[in-house]
Q: 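First the structure, which I've put down as structure tokens, then a few questions once you've had a look.
Residue numbers start from 1 in every chain, and the chains themselves are labelled A, B, ... in the order their sequence lines are given, proteins ahead of strands.
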There are 2 protein chains.
Amino acid sequence: MKHEALLRHIRRYVELNEEEQDLIGVYSSIQEFRKKDFLLHLDQICSAHFFVAKGCLRAFLINEKGQEQITQFAIENWWITNYDSLDNQIPSSLAIQAVENTEVIRIHKNDYEMLLHKIPKLERYFRLVLQKAYGASQRRIQYIYTLSGEERYHHFNESFPEFVQRIPQYMLASYLGFTPEFLSKIRAKKI
Amino acid sequence: MKHEALLRHIRRYVELNEEEQDLIGVYSSIQEFRKKDFLLHLDQICSAHFFVAKGCLRAFLINEKGQEQITQFAIENWWITNYDSLDNQIPSSLAIQAVENTEVIRIHKNDYEMLLHKIPKLERYFRLVLQKAYGASQRRIQYIYTLSGEERYHHFNESFPEFVQRIPQYMLASYLGFTPEFLSKIRAKKI
DNA sequence: TCCATTTCTTGAACTAGATTAATTTTTTTC
DNA sequence: GAAAAAAATTAATCTAGTTCAAGAAATGGA
């Protein structure tokens, strides 16, 4: 099944019968993006939810100095979208772009509503997904506020060693909230 | 009805019949907290979700310098809990405390599950609540990364002028991620 | 395989915000 | 309504991380 990766993820949280699994196929589509392709451009109105089946995405904004600031990564089994833009149908302050060649399962806003209506237990699935994402976001704010840049780097490295290998260092620096130059200096001290 | 504030909030998102409204009453309890009372202590295992009917709460942690760092506020119509501690039944790294005398509607972990089971449309309600909270959390991360301390203060002031009046300045400084002394300096420049 | 582009490093000068400590103002309590 | 406690201010000194600029290394494409 083309959307097997998504079904596998949903089945971690709720049970699905054949019919429901097919329905999810009907209301979703597979999209392939090449490295550097955009899923969502700056100022575009966001119209879909994206599930990463394979690969890696990043969300970023452009700050007043014209620099890219990465606010989020999404790898296998993560959902990503701009809820602000999607819910309120306003131009996105974030862009979403492929960091690697990436296979995405895309669910359009309307199809998402349709699916929730036809398969109410998906409400539970998305509640649990959001609860996890919100928890992670809260934890991230705690780290930003309690750790220095250097501590944040070491902590991230210890928590996600494989992921650190997958992305360029300047992207990691941006995500962690400091400059690539500063990251170089940290690494020069001790790896 | 003692839990009317909560019912009113839920009805913004999903319809409820008499029976369902009563059921929510059965599985929730009202608690009054006086200013400075704790709803959740540091290292305690969190066992409930809290809905603020009236008043104001804060969540904070103690950083390595022994200082309180506020990670979140909750006022009327906001839910607050430590999902990390609640979901994984681990000691909380956050304390939750009343900033004002506060009336809370408390739903125990088990009753929360029970309610979701008996009234499945509450899955939708909590999904929508979490989606909003997650969006706010994402937006907050964007502000932390793109605005200076001073800009964050002005922005917060413009966005929530009434709320700024409700809390001591040192709490606002902590929430915004800088020292009370720095906040004093900003205010000295221009109000 | 070579050129172009992207990514990473290094060092010097600089700045937003922290720290410390003392003082004043405001709020709370009895 | 006085004393105590909590909150806010001010100023001097300090530091984590930025900025700028230039070069080195790695990667990628034809």
Side-chain angles (χ1 to χ4, degrees), chain A residues 33-38 55-56 58 60 62-70 73 97-101 143-157 163-191, chain B residues 33-38 55-56 58 60-70 73 97-102 143-157 163-191:
Chain A
F33 294 93
R34 309 214 48 205
K35 188 172 171 171
K36 299 198 180 172
D37 282 351
F38 283 86
C56 179
R58 63 170 183 151
F60 67 92
I62 305 292
N63 66 22
E64 63 273 32
K65 288 167 213 139
Q67 297 157 337
E68 293 179 359
Q69 173 62 57
I70 297 179
F73 287 109
Q97 189 190 31
V99 175
E100 307 168 353
N101 295 342
Y143 291 139
I144 293 172
Y145 278 151
T146 56
L147 304 181
S148 67
E150 179 162 0
E151 288 168 329
R152 241 146 50 227
Y153 169 72
H154 291 307
H155 181 268
F156 194 86
N157 243 326
F163 180 68
V164 172
Q165 300 308 317
R166 269 172 91 164
I167 54 165
Q169 282 179 48
Y170 76 92
M171 286 195 190
L172 179 56
S174 173
Y175 178 77
L176 292 176
F178 48 71
T179 59
E181 290 88 344
F182 183 61
L183 179 45
S184 263
K185 268 173 219 171
I186 295 172
R187 286 165 51 88
K189 282 196 208 173
K190 135 194 158 187
I191 302 173
Chain B
F33 293 93
R34 308 214 48 207
K35 188 170 171 172
K36 299 200 180 170
D37 283 352
F38 282 86
C56 178
R58 63 170 183 151
F60 67 91
L61 50 83
I62 305 291
N63 67 21
E64 63 273 30
K65 288 166 214 142
Q67 297 156 336
E68 294 179 358
Q69 174 61 57
I70 297 179
F73 287 108
Q97 189 190 30
V99 175
E100 307 169 353
N101 295 341
T102 301
Y143 292 139
I144 293 172
Y145 278 150
T146 55
L147 303 181
S148 68
E150 180 163 0
E151 288 168 329
R152 240 147 49 228
Y153 170 71
H154 290 308
H155 181 269
F156 194 86
N157 244 326
F163 180 67
V164 172
Q165 300 308 317
R166 270 173 88 166
I167 54 165
Q169 282 180 47
Y170 76 92
M171 287 196 189
L172 179 56
S174 173
Y175 178 78
L176 292 176
F178 47 72
T179 59
E181 291 86 348
F182 184 61
L183 180 43
S184 263
K185 258 182 231 171
I186 295 171
R187 286 166 51 90
K189 282 196 207 173
K190 136 193 158 189
I191 303 173

Q: Rounded to whole angstrom units, what separation is found between the CG atom of A:Asn63 and the P atom of D:dT18?
A: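 One finds 12 Å between P of D:dT18 and CG of A:Asn63, rounded.
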Q: Is the distance from OP1 or OP2 of C:dT28 to the nearest side-chain N or O of B:Lys35 less than 4.0 Å?
A: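 Affirmative; the distance criterion is met.
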Q: Rounded to the nearest angstrom, tell me the gap between atom OH in A:Tyr145 and atom C1' in C:dG17.
A: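 After rounding, the gap between these two atoms is 14 Å.
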Q: Take atom CZ of B:Phe178 and atom C1' of D:dT9, then tell me their distance rounded to the nearest Å.
A: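 The distance from CZ of B:Phe178 to C1' of D:dT9 comes to 15 Å, rounded to the nearest Å.
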Q: Can you measure A:Gln67 atom CD to D:dC20 atom P for me and round it to whole angstrom units?
A: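 Roughly 9 Å, once rounded to whole Å.
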Q: Quick one: is B:Arg187 getting a side-chain N or O under 4.0 Å of the D:dA8 phosphate, OP1 or OP2?
A: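 B:Arg187 to D:dA8 OP1/OP2: no side-chain N or O under 4.0 Å.
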Q: With a 4.5 Å heavy-atom cut-off, do B:Leu183 and B:Phe178 have their side chains touching?
A: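 Yes, at least one pair of side-chain atoms sits under 4.5 Å.
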Q: Which atom names give the shortest non-hydrogen contact between B:Ile167 and B:Cys56, and what distance separates them?
A: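 Heavy atoms of B:Ile167 and B:Cys56 come nearest at CG2-SG, 4.4 Å.
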Q: Within the pair B:Lys65 and C:dA18, is there a side-chain N or O less than 4.0 Å away from OP1 or OP2?
A: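 The answer is no; no side-chain N or O of B:Lys65 sits under 4.0 Å from OP1 or OP2.
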Q: Taking the side chain of B:Pro168 as heavy atoms from C-beta outward, which of D:dA8, D:dT18, D:dT19 is closest to it?
A: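 Within the option list, the nearest is D:dA8.
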Q: If you compare every side-chain N and O of B:Thr179 against the phosphate oxygens of C:dA18 (OP1, OP2), does one of them come in below 4.0 Å?
A: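 Yes, because at least one side-chain N or O of B:Thr179 sits under 4.0 Å from OP1 or OP2 of C:dA18.
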Q: Of the nucleotides C:dC8, D:dA8, D:dG17, which one has an atom closest to the side chain of A:Ser148?
A: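 Ranking C:dC8, D:dA8, D:dG17 by closest atom to the A:Ser148 side chain puts D:dG17 first.
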Q: Any salt bridge between B:Glu68 and B:Arg58, counting N to O under 4.0 Å?
A: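 Yes, this pair counts.
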Q: Could you give the CZ-to-C1' distance, from B:Phe182 to D:dA8, as a whole number of Å?
A: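 For the pair B:Phe182 CZ and D:dA8 C1', the rounded distance is 16 Å.
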Q: Judged by atom type as modelled, is there a donor-acceptor pair below 3.5 Å linking the side chain of B:Thr146 to the main-chain atoms of A:Asn63?
A: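 Checked: no pair found.
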Q: Tell me which of B:Lys36 and B:Leu183 sits closer to the 5' end of DNA chain D, going by the nucleotide each one is nearest to.
A: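 Checking each residue's closest nucleotide, the 5'-ward one belongs to B:Lys36.
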Q: Whole-Å distance between D:dG28 C1' and A:Glu100 CD?
A: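 Taking atom C1' of D:dG28 as the reference, CD of A:Glu100 is at 16 Å.
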Q: Take the protein atom OH of A:Tyr170 and the nucleotide atom C1' of C:dT5, then report the distance between them rounded to whole Å.
A: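 Rounding to the nearest Å, OH of A:Tyr170 and C1' of C:dT5 are 11 Å apart.
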Q: I want to check one thing: is the phosphate of D:dT9, taken as OP1 and OP2, less than 4.0 Å away from some side-chain N or O of B:Gln169?
A: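 Indeed, a polar side-chain atom of B:Gln169 lies that close.
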Q: Between B:Glu150 and A:Met171, which residue's closest nucleotide on DNA chain C lies nearer the 5′ terminus?
A: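 By nearest-heavy-atom nucleotide position, the 5'-most residue is A:Met171.
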Q: What is the distance from NZ of A:Lys185 to C1' of C:dC14, rounded to the nearest Å?
A: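 Result: 11 Å.
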Q: Mapping A:Leu147 and A:Glu181 onto DNA chain D by nearest heavy atom, which one lands closer to the 5' end?
A: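 Counting from the 5' end, the first nearest nucleotide belongs to A:Leu147.
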Q: Can you tell me which residue among B:Phe163, B:Phe73, B:Tyr143, B:Phe60 is in a ring-ring contact (aromatic ring centres under 6.0 Å, His included) with B:Tyr175?
A: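 Exactly one option meets the ring-ring contact (aromatic ring centres under 6.0 Å, His included) with B:Tyr175, and it is B:Phe73.
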